[in-house]
Structures are given as structure tokens and as C-alpha cells.
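Quantities reported herein were computed from a predicted structural model and do not represent experimental measurements. In listed order, ligands and their atoms are each counted from 1.
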Amino acid sequence: MEKTQQFISQHKDKFVAELFSLLRIPSVSADPAFQQEVAACATHLAAHFNDIGLDGVEVIPTAGHPIVYAEKIIDSSLPTVLVYGHYDVQPADPLELWHTPAFEPVIKQTAIHPDGAIFARGACDDKGQFFMHVKAVEAMLQAQELPCNLKLMIEGEEEVGSPNLAVFVRENKSKLKADIILVSDTGMLANDTPSITTGLRGLSYVEVEVTGPNRDLHSGLYGGCVANPINVLTQMIASLHDENMRITIPGFYDKVVELSNEDRAEMAKAPFSELAYCEALDIQSTHGEKGYSTMERGSIRPTLDVNGIWGGYTGEGAKTVIASKAFAKISMRLVPDQDPIEITNLFQKHFESIAPLSVRVKVTPHHGGEPVVTPTDSSAYAAASRAYETTFGKKPIPVRSGGSIPIIAMFEQELGLKTILMGFGLDSDAIHSPNEHFGLFNYFKGIETIPYFYKHFSEINS
Ligand code: BES
Ligand code: MN
Ligand code: MN
């Protein structure tokens, strides 16, 4: 991979400029107002894939946003790597909290990224990360060092639960035939502590609506006499955790796989500072399920969180009113072997059962996803581990992550393929938040590390 690495080191400015072009396209999948921009982003990528010499480039329309596909098949007897990523991004709101505009990428230094970081929506999640693969592949092609076959599938709907990619995968099993799926859409522990993500949590997401009286009421005339939906909703939500921060929904923990003491001891070896964690978030202490460490609470344990809550009067000044309705959006992060549909049903049954007679409740399920755990005894893990060792000079630590990528479990079910999660972002990169960024160190380390994965994976599997 010597010529590949040489090409990378000689084209760093070009690689940054090209990522900037991608980041300037506001491909927000959740908001229909951005539909044109999402489509433009797909077209832009396809053109770029053609430019760097990939074959079979397609912008594949779906019932939602398009999928971009490309491949390089050099020899059918060699292994095939299927790279997955997403070009869609989260909405940039709240815009006023960005120090520079979300879709005008700039490089700024931070304490954690002294070499500079690229600030823009999608810089880390996931444009900057899947683009590392595009650049690594370009470098291998230019150096004539691509050691195996490659398929690239970049979707535009990950941030909205991949509804149409699931359909595409089911209908295109032979097109997607491969030996391993490679994804950079997660993080690592720190720039001097490489890690490989070995698990993702699943997700169950619901919206609840509590209805009291048939109209908003004067809180003096009616206050004290009728149930206030906001009061009721907040009480119902509060009751979903007990004093040990365990979730009170009957059956919620039934299928949770408990880790052995050995596995927990192994996990505890990953470096983690409770103090640094609190300082970075300006909090006095962490909070969570009794009996588990912060690392465990954020990865191997399930959660229930309110993501948004509204109702009544929230404008300027005071308005004395008892609202007719109150709403909340609630996410539950799931771990093996919890099933998102089952958990959604348990939630719905329980939430309805705890509603007082004075209100009506409605539970609407949103997208979900299954949890995944990836093996550490596979040839792909060994190849990735060696790749990190080459570029970081250290063995990566296996770490289960708290985030979700719903399509990963589906890849295994439908294509029978395992995934290797080589993420290069940091938790502090503010993904989904204002001022999202991706370190230049991380971007280039990713581009440099990926070719070694191809090399080792091909050697082991040929
Ligand atoms: N890339 C993230 C998931 C992620 C980030 C996993 C960091 C591990 C570490 C992905 O784009 C994402 O945001 N997923 C959503 C789920 C989706 C259905 C909206 C999530 O985890 O909230
Ligand atoms: Mn992502
Ligand atoms: Mn995301």
C-alpha cells in the first residue's frame, strides 16, 4: 500500500476541498423542503464516482430519497467489500447556535483537534466518514493497489430510519453479494486510543398524545376540576423509571442479555474518566441505572428518554390556560435480544394502562431498529485490527456503542453478511448538534487506515 499512501499524502488539500463541496449541499432527509438538495447530493456523488473511475455508477430512485451505487469488480475470484454509508444529514436547527453557517464548511482548531477540524452539518455524520472510503478507494485505484472487489452503496435516508433501503436490499440480494460490509458511521475512543465498534443499540421510537377536555380552558374557571393533560403526561412519564432508574414497563427487561462478569471486567479496561466526562458536559455528576458504570449505561443497557415534549402556552408572557392536549416523543434504546416491535407493543400497552380515566392517550410508533453485536473473532475484525495497528501504532480496543444504525441488523438477516464498524469520529464531534465537526487528523487517519483493511482482508480471504 506504499503507492496508495503516497497518493494520499500528496492529495490532502484536494481531499479536503472535495469534501467541502459535498458538505455545501444541504441534504436534510427529514424535511421535505430539502428534497431537491438531497437529490442534487446524490447526483453530485454519482458524478464523482464516475470521475474517480468506478464502474456501474447509478442513482437509484426509491419511494423516498435515492441510493447511490458504484462498484469496481477486478476479479470475481477475489473477495468483495461492500461499503455502506449515508449522504443525508440531520436538520441543522437550531441555526442560531452555529458559530458559522451549517452548510458553509470551515476549518477551525479546537482543544481536542489541534490540527484543525472541519465544521459543517454532516462533517462527521456521515459525509466526512463515508467520503474517507471514496478517497481511500481513489488512492488504491490510482496506485493500482486495489486488492479486491468493491461495491459502494450510499443511501439518503439513514437519518429517517432507512425505510426504502430495506426494500432495495431485499430486492437486490445478488447485486449486493459480498463477503463483508464495511461502515464508517460510528466513533472511536480518542485520537490516541483507536477502537473498533462491536455493537450498536436498537431503537424503538414512539409519539404519545394525551387528551383532556375538548378545548383549552381558563385555568381559573376550570383549574382543580379537570385533569390537566400536561400534568398527567409528565406524571406518567416520571413513572416510567423507578428510584433505581430502572424502566418500569412490565416485560421490558425480559429479553435483555446480561453480560458475564468476565465480559464486564473486559469492558471496564477501556480508558474512561468520569471526571473528564462530567467536565466536558458541564455537569456535577452522571446519572443512570443503579449497578452499572457510565460506559455500561451508555452501551449494554437499554434506556428510555423523552426527546421532546410540548403542549399549552409557550409564547411570551403568561397565558392562564389548561391545554386540551399534551404530547411527547420518546425513544427507547435497545440491547440484544430486545425486539423493537415487541418493546413498542409493551410500551403502548403499559402507557395506556397507566392513563387515568380523566384523559385519553394515543401512542403512535415511529421507525425502529434492532440492536447488533459484531464478532471480534472474525477475519474482518482481525484485518481491521491490524489496519489500525499499522496506522496508529496501537491495537484498537473493541467497544460497544450506544448509537443505532437500523439497517445493519437487516444486512445480516437479508444478505447473511456481517458488518465491520470502523468509525473515526469522536463523541465530542457534536453530531446531530450545532457546530458538528470532524477532525482533519481523523479524516486522514481514516483514509490511511482503510486501504490496510482491504489488504489484510483480501490476504486472509483469498
Ligand atoms: N451515525 C449515527 C449512529 C451512531 C453515531 C452510532 C455514533 C454510533 C456512534 C446515525 O446516523 C444515527 O444518528 N442514527 C440514529 C438512528 C436513526 C434511526 C435516526 C440514532 O442513533 O439516533
Ligand atoms: Mn450516521
Ligand atoms: Mn446520525
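Here's the thing with His432: one of its N/O atoms is less than 3.5 angstrom from an N/O atom of ligand 1.
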- From CA spacing to verdict: salt bridge (charged side-chain N to carboxylate O under 4.0 Å, His left out), Glu414, Arg170: CA-CA 6 Å; Glu414 296 295 330; Arg170 223 169 273 132; 3.5 Å; yes
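In this structure, His113 and His437 have perpendicular ring planes: the angle between them is above 60°, well past the 30° mark.
Glu207 has a carboxylate O that lies under 4.0 Å from a charged side-chain N of Lys329, or vice versa, which qualifies the two as a salt bridge. Using a cutoff of 4.0 Å between basic side-chain nitrogens and carboxylate oxygens, Arg121 and Glu104 are not scored as salt-bridged. Ion pairing of Arg297 with Glu289 is absent here, as no side-chain N (NZ or NE/NH1/NH2) approaches a carboxylate O to less than 4.0 Å.
Of all the heavy atoms in Pro194 and Lys394, the pair that sits closest is CG-O, 4.0 Å.
Distances from atom 21 (O) of ligand 1 to the heavy atoms of Glu159, Arg201, Arg333 show the closest one on Arg333.
Between the side chains of Glu209 and Thr364, no donor-acceptor pair is found at a separation under 3.5 Å. A donor atom on one side chain and an acceptor atom on the other are not found under 3.5 Å apart for Glu436 and Gln90.
Judged by a 6.0 Å distance limit and a 45° cone about the ring axis, Lys445 is positioned over the six-membered ring of Phe392.
For Ile431, every heavy-atom contact with ligand 1 shorter than 4.0 Å involves the side chain, none the backbone. With a 4.0 Å cut-off on non-hydrogen atoms, Ser331 does not touch ligand 1 at all. At a 4.0 Å heavy-atom cut-off, ligand 1 touches Asp125 through the side chain alone.
Checked against a 6.0 Å centroid threshold, the rings of Phe272 and Tyr277 count as neighbours.
Ser404 O, 3.4 Å is the protein heavy atom nearest to atom 3 (C) of ligand 1. Looking only at heavy atoms of the protein, atom 11 (O) of ligand 1 is closest to Glu158 OE1, 2.6 Å. The single protein non-hydrogen atom nearest to atom 9 (C) of ligand 1 is Ser401 OG, 3.5 Å, given as residue, atom name and distance. When hydrogens are left out, the protein atom nearest atom 18 (C) of ligand 1 is Pro406 CG, 3.6 Å; that is the closest non-hydrogen contact. From the protein, the heavy atom lying nearest to atom 4 (C) of ligand 1 is Asp185 O, 3.6 Å.
Among the backbone and side-chain atoms of His86, none of the N, O or S atoms lies under 2.8 Å from the Mn ion (ligand 3). At a cut-off of 2.8 Å, Glu159 is counted among the residues with an N, O or S atom near the Mn ion (ligand 3).
Heavy-atom proximity to His86, at under 4.0 Å, picks out these atoms of ligand 1: 11 (O). Applying the 4.0 Å criterion to heavy atoms of His367 picks out, from ligand 1, the atoms 18 (C).
With the Mn ion (ligand 2) as the vertex, OD1 (Asp125) and OD2 (Asp185) define an angle of 150°, rounded to 10°.
Heavy-atom separations between Gly369 and ligand 1 are all 4.0 Å or longer.
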